[in-house]
Amino acid sequence: MAAMPLNPGIIHTDMLSISFRKEAANYTPVSDWVLKAVPFILKLKPKDNGIPKTLS
C-alpha cells in the first residue's frame with residue numbers, strides 16, 4: 001500500500017456551482033478531469049509514495 005496526496009485542482013462540480021455560481025463554468029468539468037486524472041493516477045508507482053502530486 002502506498003499513499004500519495006493528490007491536489008485535484010478546482011473542478012466544476014455541483015458544489016462548486018453552489019459556491020461560485022456562474023463563475024463555476026470557468027473551471028474544468030468533472031468529465032474532462034476524469035479523462036486526464038485516470039491515466040495520471042494509473043502511472044503512479046511505489047516510488048511516488050508520500051510525494052504530493054498536483055493534477056494541473
Side-chain angles (χ1 to χ4, degrees):
M1 179 184 296
M4 292 114 186
L6 175 64
N7 176 358
I10 301 175
I11 305 166
H12 184 182
T13 60
D14 291 342
M15 188 168 77
L16 191 73
S17 292
I18 291 168
S19 300
F20 283 33
R21 303 191 190 277
K22 291 179 183 178
E23 293 296 317
N26 294 326
Y27 296 96
T28 305
V30 173
S31 57
D32 292 349
W33 184 85
V34 168
L35 294 175
K36 190 175 179 182
V38 170
F40 177 84
I41 291 168
L42 291 175
K43 288 180 186 175
L44 294 174
K45 302 292 182 206
K47 67 176 179 60
D48 299 308
N49 187 34
I51 301 171
K53 302 289 184 183
T54 299
L55 188 63
S56 53

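Keep in mind the model is a prediction, meaning the values are calculated, not measured.
- Sorted by first and then second residue, the salt bridge (charged side-chain N to carboxylate O under 4.0 Å, His left out) pairs involving residues 1-22 (not counting sequence neighbours) form an empty list.
- Minimum interatomic distance between Pro39 and Val34 (heavy atoms only, all atoms of both residues): CD-O, 4.2 Å.
- Applying the side-chain hydrogen bond (donor to acceptor under 3.5 Å, both in side chains) criterion to Ser17, with sequence neighbours excluded, gives His12.
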Would you be so kind as to tabulate the donor-acceptor pairs closer than 3.5 Å made by side chains of residues 40-52, with sequence neighbours excluded?
unit_1, atom_1, unit_2, atom_2, d
Asp48, OD1, Lys53, NZ, 3.2
Asp48, OD2, Lys45, N, 2.8
Asn49, OD1, Ala3, N, 2.8

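- In this structure, Ile10 belongs to a hydrophobic cluster whose other members, linked by side-chain heavy atoms under 4.5 Å apart, are Leu16, Phe20, Tyr27.
- Hydrophobic clustering (side-chain heavy atoms under 4.5 Å, transitive across Ile, Leu, Val, Met, Phe, Trp, Tyr) keeps Ile11 apart from Met15.
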